[in-house]
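Worksheet: the structure to be examined is printed underneath.
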Protein chains: 2
Amino acid sequence: MLFQDCICFSLGKVSRQMAKVYRDRLIQYGISQPQFFLLIALYEEDDILITRLSEKVALDKSTLTGILDRLERGGFVKRVSRPENRRSLYICLTVKAQTLRNDLTQVYNETNQLFFSRLSEHERGVFDEVMRKLEVTSDD
Amino acid sequence: MLFQDCICFSLGKVSRQMAKVYRDRLIQYGISQPQFFLLIALYEEDDILITRLSEKVALDKSTLTGILDRLERGGFVKRVSRPENRRSLYICLTVKAQTLRNDLTQVYNETNQLFFSRLSEHERGVFDEVMRKLEVTSDD
DNA sequence: TGCAAATAATTGGCATACAAATTATTTGCA
DNA sequence: TGCAAATAATTTGTATGCCAATTATTTGCA
């Protein structure tokens, strides 16, 4: 089988290329693409547990620790501890992040639209279905 | 737009999940998924320049430096310098890597087949076309 | 021919990304 | 009630992955 025919390689390649498009558009805001996706996830659902956030963005909790460190250092989020359960930490958007909400949401929509618009209605439907079918759950 | 509808997020998520499937199957050979893909690319075309290899696998040359370091340390490849051009380095598979060729090619084909088989003939065609359309060249 | 520009690869710096181990806290059951 | 098991997050270690800068070599042109 030719190298280019590998689904995993193909997905990874396009994924990296697309990430760069986001990177270039996010430089002005001082955040990376993974940090950006976390903020978008938090715009959708603020004040949530790290474990919940890690499920949402499909990244290991230990990966989030680092990204959240940098987002917190940049003043975009805060780790909030509540007395009910001192084990858990809630991630909350700061005023700074709220202020950027419109801007970042626009980058989010426009960039996705940039790629989305290359596909026909039919292709979009099939693509979604294919992504759903390729998702890995608990099997090999 | 809902978070899950972002093409880039969707691609990255599935890409990471699929990488894990390869990872689990490669543990026994002592190589990582990126190292594996490099070897597969070399099985297809051995004795090639690093620059050529980096185009083939769509990774930055500086990224390859590290992966090749580890492959070389593991005895899978060698950096070969030729007198015609002392700037260039050719990457060559070792006997050890050649010996593993059948095994690794089988992992490569079987794992891809695992995912490929989840799609219908039509979906495969559309998927290829979509990946082609989403590739980023020199535009935003 | 000589030297600036181009090319090939590496280095250094930073940010993911995951797995295994660890810490702190809470649960649940004997 | 007490303590083992479960849970939440972090830490540690290793490996990507990219970019900008650097080193070494080769090209090409004035």
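Here is the naming used below: chain letters follow the sequence lines, and residue numbers restart at 1 for every chain.
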Review point. Quick one: do A:Arg16 and B:Asp60 make a salt bridge, cutoff under 4.0 Å?
Key: no
Exercise for review: Respond yes when some side-chain nitrogen or oxygen of B:Arg23 is under 4.0 Å from OP1 or OP2 of C:dC18, and no when none is.
Suggested key: no
Point to revise | Phosphate-side-chain proximity, A:Gln35 and C:dT16, N/O vs OP1/OP2 below 4.0 Å | key: yes
Point to revise | Phosphate-side-chain proximity, A:Arg86 and C:dA24, N/O vs OP1/OP2 below 4.0 Å | key: no
Review point. With sugar-phosphate meaning primed atoms plus P, OP1 and OP2, does A:Thr65 contact a base, only sugar-phosphate, or nothing at under 4.0 Å between heavy atoms?
Key: base
Check your understanding: Under 4.0 Å between a side-chain N/O of A:Ser88 and OP1 or OP2 of D:dT7, yes or no?
Key -> no
Check your understanding: Counting just side-chain N and O atoms, does A:Arg79 come under 4.0 Å of either OP1 or OP2 of D:dA9?
Key -> no
Check your understanding: At under 4.0 Å, does any side-chain N or O of B:Thr51 touch on OP1 or OP2 of C:dT7?
Key -> no
**Study point:** Gap between atoms CD1 and P, on B:Ile27 and C:dA19 respectively (whole Å)
**Key:** 9 Å
Point to revise | C:dA8 phosphate, OP1 or OP2, under 4.0 Å from B:Arg52 side-chain N/O | key: no
Check your understanding: In whole angstrom, what separates A:Lys61's NZ from D:dT7's C1'?
Key -> 7 Å
Exercise for review: Nearest whole angstrom, please: distance from the P of C:dT25 to the CZ of A:Arg82.
Suggested key: 18 Å
Check your understanding: More 5' along DNA chain C: A:Thr63 or A:Arg87, using each one's nearest nucleotide?
Key -> A:Thr63
**Study point:** Residues that A:Gln17 engages under side chain to side chain contact (heavy atoms under 4.5 Å, CB included), provided they are two or more places apart
**Key:** A:Lys13, A:Val14, B:Glu135, B:Val136
Review point. Do you see a donor-acceptor pair shorter than 3.5 Å between the side chains of B:Arg86 and B:Ser81?
Key: no
Review point. When the aromatic ring centroids of A:Phe127 and B:Phe127 are compared, is their separation below 6.0 Å?
Key: no
**Study point:** 5'-most by nearest nucleotide on DNA chain C - B:Asn85 or A:Pro83
**Key:** B:Asn85
**Study point:** Distance, rounded to the nearest Å, where A:Asp60 contributes CG and D:dA8 contributes P
**Key:** 14 Å
Practice item. Looking at every strand, decide which applies to A:Ser62 at a 4.0 Å heavy-atom threshold: base, sugar-phosphate, or nothing. Key: base
Review point. Should the pair B:Asp69-B:Arg79 be classified as a salt bridge under the 4.0 Å nitrogen-to-oxygen rule?
Key: yes
Check your understanding: Does A:Arg132 come within less than 4.0 Å of A:Asp128, counting only side-chain N to carboxylate O?
Key -> no
**Study point:** Distance, rounded to the nearest Å, where A:Leu89 contributes CG and D:dT11 contributes P
**Key:** 11 Å
Exercise for review: Give me the other members of the hydrophobic cluster that A:Val80 sits in, counting Ile, Leu, Val, Met, Phe, Trp and Tyr linked by side-chain heavy atoms under 4.5 Å, directly or via other members.
Suggested key: A:Leu49, A:Tyr90
Exercise for review: Could you tell me whether the side chain of B:Val126 reaches within less than 4.5 Å of the side chain of A:His122, counting heavy atoms only?
Suggested key: yes
Review point. Nearest to the side chain of B:Leu59 - D:dA9, C:dA9, D:dC18?
Key: D:dC18
**Study point:** Whole angstrom value for the distance that separates P of D:dC19 from CD of A:Gln17
**Key:** 12 Å
Check your understanding: Dot-bracket for DNA chain D: what is it, with Watson-Crick or G-U pairs under 3.5 Å, [ ] where a pair crosses earlier ones, and | for a pair to another strand?
Key -> ||||||||||||||||||||||||||||||
Point to revise | side-chain N/O A:Lys20 vs D:dC19 OP1/OP2, d < 4.0 Å | key: yes
Check your understanding: Just checking A:Ile67: base, sugar-phosphate only, or nothing, at a heavy-atom cut-off of under 4.0 Å?
Key -> sugar-phosphate
Revision key, fill the gap. B:Tyr22 atom OH is separated from C:dA17 atom C1', nearest whole Å, by 19 Å
Review point. To the nearest angstrom, how far is B:Phe36 atom CZ from D:dT16 atom P?
Key: 14 Å
